[in-house]
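All remarks here apply to the structure that follows.
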Amino acid sequence: MGLIAREIEKNGISTMTVTLLPETTNALGVPRSIYFPNKLGNPIGRPNQKDEQYAALIQCLKALEEVNVGEMVTGTTRNAQ
């Protein structure tokens with residue numbers, strides 16, 4: 001997804017990539033990303049936990065407005081390990 005995000009950004013469209021593997025995301029040079037320290041398979045919250053998933057989505061949208069190109073921020077959900 002990071003490579004696709006770079007191409008989209010070249011066309012003037014901002015992107016936000018959700019990651020569970022920040023080291024890999026940094027190595028790929030993803031334009032903007034948010035790291036959620038969750039289990040693999042649950043990047044934005046546990047299954048059927050709409051409140052967690054909604055909170056993560058809101059964090060992604062806010063980060064999209066605030067994060068500069070090349071930056072990564074850390075999000076939170078109750079599923080954090």
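Please read these numbers as outputs of a predicted model, since none were measured by experiment.
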Out of curiosity, Thr74 OG1 to Ile34 CD1, how far, rounded to the nearest 0.5 Å? 8.0 Å

Value rounded to 0.5 Å, distance of CD1 in Ile8 from CG in Leu3: 11.0 Å

Minimum heavy-atom separation for Arg6 and Pro31, please, with both atom names. CG-CD, 3.7 Å

Scanning both residues in full, the closest heavy-atom pair of Thr17 with Val30 reads OG1-CG1, 3.4 Å

Under 3.5 Å: donor-acceptor pair, side chain of Gln53, backbone of Arg46: yes

Quick one: are Val69 and Arg32 in side-chain contact, heavy atoms under 4.5 Å? yes

If you group Ile, Leu, Val, Met, Phe, Trp and Tyr by side-chain heavy-atom gaps below 4.5 Å, do Leu64 and Val18 land in one group? yes

Only counting residues at least two apart or in another chain, list the ones meeting side-chain hydrogen bond (donor to acceptor under 3.5 Å, both in side chains) with Lys50. none

Least distance between heavy atoms, Pro43 atom then Phe36 atom: O-CB, 3.1 Å

Closest non-hydrogen atoms of Val67 and Val73, given as atom of the first, atom of the second and distance, are CG2-CG1, 3.5 Å

CA sep, side-chain torsions, deciding dist, call: Lys62, Glu65, salt bridge (Lys or Arg N to Asp or Glu O under 4.0 Å): CA-CA 5 Å; Lys62 285 182 180 179; Glu65 294 178 335; over 6 Å; no

Hey, what do you get for CD (Glu52) to CG (Asn42), rounding to the nearest 0.5 Å? 8.5 Å

